[in-house]
Amino acid sequence: MLVSATEIINKAHEGHYAVGAFNINNLEWIKSILLAAEEAKSPVLVEVSEGAGKYMCGFKNVAAMVRGIHDYLGITVPVALHLDHGTYEGAKACIEAGFTSIMFDGSHYPFEENLEKSKELIAAAHAHGMSIECEVGGIGGEEDGTISMGELADPQECKKIAELGVDFLAAGIGNIHGKYPANWKGLNFERLAEIQKATNGKPLVLHGGSGIPEDQIKKAISLGVSKINVNTELQLEFAAATRKYIEEGKDLEGKGFDPRKLLKPGCDAIKAKVIAMMNIFGSAGKAE
Ligand code: 13P
């Protein structure tokens, strides 16, 4: 059974570790991430952006695929199906589609409007027993067409959204989606500590989890980050392993062109990377 992420994230916050929320694109991603979580005995969130949801033929299909694969594989660790950077309409659609968790990203609205819409969606999600994440302050870079300069979140705005009863909060602290540029200044821990204080210990979400140095990840967790989103890193791993397979001419040997063979190195690479990240985040072994 898929579960809401509230308990998963609250336990992580109390236990000073973080749970990975890994973006999915297709069957291979879902399967690899779920197998990794089971092997690492870690709770996990599989999350889907609206763009990937369209690619996968709609949220209902995403929910059916994740449930079906989860049950077929006999996964025993806690798994939540989460919407990543949802619009107001997308969040409502995922409540109907049988997700167990949603994110409403209202960070591009004027703050009062973000607050109003967040309030409505928090009530709707909770009425369905689902967890909900909201966002204050944009995350840098580009995620599925949404471009943000990555401003630092205002702790007082974070406080107002936290007081609405949101389950976990994404707040900009200098993090960026995609690859980090060479001149990146790093995470702003001062601001992170201020946000954690202003929100009275609300579990915080670190977006842009690909390519952040391990010491910064660990420090962020110690300051209240309990959910870490990872997308780009798994795409890079999959692409590199697939490139290697083809460049070595393996697709031309025997039936190496069979998609189940062609995609296997990429899937294995995703699984290995997810397990490695669960160990860094400290969630490995927490579902034993
Ligand atoms: P990356 O693609 O940088 O890992 O970011 C993922 C993310 O934050 C999804 O919301």
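Computed from a predicted structure; not experimentally measured. For the single chain, residues carry numbers from 1 onward in sequence order. Remember, it's 1-based here, ligands and their atoms both numbered in the order they're listed.
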Atoms of ligand 1 close to G178 [distance to a heavy atom under 4.0 angstrom, numbered from 1]: 1 (P), 2 (O), 3 (O)
Atoms of ligand 1 close to D84 [distance to a heavy atom under 4.0 angstrom, numbered from 1]: 9 (C), 10 (O)
Sub-4.0 Å atoms of ligand 1 with respect to non-hydrogen atoms of H207: 8 (O), 10 (O)
Pair K227 + E133: basic N to acidic O under 4.0 Å: yes
Within reach of ligand 1, part of E233 (heavy-atom separation under 4.0 Å): neither
Nearest candidate to atom 8 (O) of ligand 1, where distance is taken over non-hydrogen atoms, out of G208, G211, S210: G208
Subset of ligand 1 atoms that lie under 4.0 Å from at least one heavy atom of T232: 1 (P), 2 (O), 3 (O), 4 (O)
N or O contact, N229 vs ligand 1, cut-off under 3.5 Å: yes
F238/W29 aromatic ring centres below 6.0 Å: yes
Numbered atoms of ligand 1 (with element) below 4.0 Å of N23, judged on heavy atoms: 9 (C)
Path from L27 to Y72 over hydrophobic side-chain contacts below 4.5 Å: yes
In one Ile/Leu/Val/Met/Phe/Trp/Tyr side-chain cluster, 4.5 Å: V230, V205: no
Atom indices of ligand 1, in the order listed, that fall short of 4.0 Å to a heavy atom of V230: 4 (O)
Contacts of F59 that satisfy ring-ring contact (aromatic ring centres under 6.0 Å, His included) - sequence neighbours left out: F99
Distance-only donor-acceptor pairs under 3.5 Å for side chains of residues 155-174, two or more places apart:
from : atom 1 : to   : atom 2 : distance (Å)
K159 : NZ     : E163 : OE2    : 3.1
D167 : OD2    : H126 : NE2    : 2.8
D167 : OD2    : I132 : N      : 2.9

Close approach, E47 and ligand 1, non-hydrogen under 4.0 angstrom: yes
Within 6.0 angstrom of Y109 OH, more than 12 heavy atoms from elsewhere: yes
Geometric class of the H85/H177 ring pair [parallel <30°, tilted 30-60°, perpendicular >60°]: perpendicular
Where ligand 1 meets H85 - atom numbers and elements under 4.0 angstrom, heavy-atom basis: 10 (O)
